[in-house]
Amino acid sequence: MSTTPARALPDRSVADAAAAAHDLSALHLYAVLVEAGSFTRAADRLGCTKGHVSKQLAALERSLGMQLLHRSTRRLAPTAAGSALLPLARRLTAVDDEVRQVLDGLRDDIAGTVRVSVPVSLGETCFDDIVVGFCRQYPRVHIALDLSNGIRDLVADGIDFALRSGSEPAPDLIARPLYSMEEYACASPAYLAAAGTPLAPADLAAHACLQNLHFGEEASAGEWEFHRGAELWRVPVRGPLACNHYSLLKKAAIAGAGIARLPGYLIDDELADGRLLRLLPDYESRRLPIFLVYAPQRTLPQRTRVLIDYVREWFAGKAQRCAARRAALAVNLTDPGGS
């Protein structure tokens with residue numbers, strides 16, 4: 001039986017295949033560029049230079065024979081042709097992401113960069129321990145940590161997940177409850193020795209109170225709420241300092257500048273060693289939920305999934321440790337002699 005040798009692909013077919021592959025890659029770049037909103041952010045997400053993004057877009061527009069983006073110093077906006085092409089480019093990007101995630105799952109090693117955005121004080125207090133512990137288990141994963149009290153756009157800024165405190169996250173994000181943050185009124189022994197100890201919320205009006213601007217403007221920061229059962233107290237407060245940084249408020253309280261209202265996770269050590277004393281223990285202050293949020297997508301990369309699982313387990317352990325420590329502290333307060 002005779003066999004016909006396989007013929008080499010004609011040069012033209014090779015060129016067409018190469019051009020098609022290039023166009024698919026450029027369409028992926030185009031979708032990322034539109035989502036990012038700038039050449040700089042797109043280059044950061046794609047791991048290349050801004051010049052490369054610009055050249056690839058120009059080459060795609062020449063190949064298609066039409067302009068895809070209106071460019072200005074302030075923003076990028078798709079043309080009519082660009083808007084028509086964008087859904088297809090996004091589908092190709094989703095397929096590309098899914099292929100990469102499937103391949104990630106087949107590998108024995110977990111590697112790559114995970115970008116995380118966390119409020120400043122939460123990152124300062126908790127994420128050193130989280131990063132050290134996680135990287136021991138997954139040394140090939142690189143964590144790019146953004147500490148910011150602002151609300152970052154996860155998609156535009158290329159953030160894989162974020163921690164958010166306060167009200168419910170935006171409905172277009174997937175949110176996982178992480179931790180319940182309770183604030184405590186506290187002060188240093190030196191301040192209380194000089195100014196006296198408030199026994200009821202109304203007494204705070206006569207004290208120097210250190211105000212947190214993170215959750216609102218100065219007017220709202222100047223009113224503290226407490227409740228006990230069905231009773232609610234709103235107390236106007238004033239003092240020498242108002243700022244949007246918990247760690248600075250803590251340092252000021254330890255130095256004796258006044259009474260601060262601080263989250264429990266930030267002052268557990270100071271309450272345990274006596275540098276700060278909790279005030280008004282029979283009254284509850286506000287509780288703020290902390291959520292872990294990420295943008296919807298078909299499948300999270302494995303490196304992102306394992307870090308999310310690690311963060312959730314760490315905070316579950318944190319809640320248990322804090323509850324045990326506060327229970328022990330309450331016993332010591334009610335029975336200081338250990339009788």
Side-chain angles (χ1 to χ4, degrees), residues 21-64 66-101 103-104 111-119 123 141-164 169-175 291-305 307-308:
H22 175 271
D23 286 348
L24 288 175
S25 176
L27 284 170
H28 169 66
L29 178 144
Y30 169 65
V32 171
L33 178 57
V34 173
E35 293 293 343
S38 78
F39 284 92
T40 300
R41 285 197 294 264
D44 182 60
R45 290 181 61 181
L46 292 165
C48 61
T49 65
K50 185 169 68 171
H52 176 77
V53 175
S54 179
K55 289 178 182 178
Q56 291 296 303
L57 176 65
L60 177 63
E61 289 178 325
R62 285 195 303 271
S63 173
L64 297 175
M66 57 188 68
Q67 184 178 352
L68 299 179
L69 284 176
H70 295 297
R71 302 159 177 82
S72 72
T73 56
R74 291 189 174 183
R75 68 188 188 96
L76 302 174
T79 62
S83 295
L85 187 64
L86 188 56
L88 173 60
R90 283 174 170 160
R91 288 200 297 273
L92 289 171
T93 297
V95 171
D96 179 72
D97 289 343
E98 193 168 0
V99 168
R100 293 177 186 275
Q101 290 159 16
L103 293 177
D104 283 345
T113 297
V114 183
R115 295 177 172 84
V116 186
S117 180
V118 180
V141 175
H142 172 73
I143 299 174
L145 186 61
D146 169 71
L147 297 183
S148 172
N149 289 334
I151 303 298
R152 300 291 298 271
D153 185 323
L154 302 189
V155 175
D157 294 334
I159 304 294
D160 293 297
F161 70 87
L163 270 54
R164 301 268 171 88
D172 60 336
L173 297 176
I174 295 173
F291 294 94
L292 187 151
V293 300
Y294 53 91
Q297 50 191 294
R298 289 187 180 182
T299 308
L300 287 171
Q302 192 173 12
R303 60 184 177 273
T304 304
R305 288 201 309 271
L307 181 54
I308 286 176

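Predicted model, so just to flag it, every value in this text is computed and none were measured. For this chain, numbers begin at 1 and follow the sequence in order.
With respect to Arg152 and Asp146, a salt bridge is recorded, a charged nitrogen being found less than 4.0 Å from a carboxylate O. The residues Glu61 and Lys55 are annotated as not salt-bridged, no charged nitrogen and carboxylate oxygen being separated by less than 4.0 angstrom.
The minimum heavy-atom distance between Ala295 and Leu154, with the atom names listed, is N-CD1, 4.1 Å. Nearest approach of Leu163 to Pro119, heavy atoms of both residues: O-CD, 3.2 Å. His70 approaches Gln67 most closely through the heavy-atom pair CA-NE2, 3.9 Å. Residues Leu57 and Leu68 come closest through the heavy atom pair CD1-CD1, 4.4 Å. Closest of all the heavy-atom pairs between Ala81 and Met66 is CB-SD, 3.4 Å. Contact record, Phe39 with Ser54: CE2-CA, 3.7 Å, taken as the closest heavy-atom pair.
Counting only heavy atoms from C-beta outward, the side chains of Val114 and His142 never approach each other to under 4.5 Å. Residues Leu307 and Phe161 have side chains in contact (heavy-atom distance under 4.5 Å, counting atoms from C-beta outward). With a 4.5 Å cut-off on side-chain heavy atoms, Asp160 and Ile308 do not count as touching. Looking only at side-chain heavy atoms (C-beta outward), Arg164 and Val118 stay at 4.5 Å or farther from each other.
A donor-acceptor contact shorter than 3.5 Å is absent between the side chain of Arg71 and the backbone of Leu76. Of the possible donor and acceptor atoms, none in the side chain of Arg303 sits under 3.5 Å from a partner among the backbone N and O of Gly112.
Note: Gln56 CD to Leu33 CG = 11.5 Å, rounded to the nearest 0.5 Å. In this structure, OG in Ser117 is found 8.0 Å from CG in Leu145, a value given to the nearest 0.5 Å.
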Would you mind writing out the side-chain donor-acceptor pairs for residues 82-92 within the sub-3.5 Å range, not counting sequence neighbours?
| residue | atom | partner | partner atom | Å |
| --- | --- | --- | --- | --- |
| Ser83 | OG | Thr79 | O | 3.1 |
| Arg90 | NE | Glu35 | OE2 | 2.8 |
| Arg90 | NH2 | Glu35 | OE2 | 2.9 |

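Residues satisfying the side chain to side chain donor-acceptor pair (under 3.5 Å) test with Thr304, not counting sequence neighbours, are none. Asp153 pairs by the side chain to side chain donor-acceptor pair (under 3.5 Å) definition with nothing, not counting sequence neighbours.
In summary, of the residues considered (Ile174, Ile159, Leu173, Asp172), a side-chain contact (heavy atoms from CB on, under 4.5 Å) with Val293 occurs for Leu173 alone.
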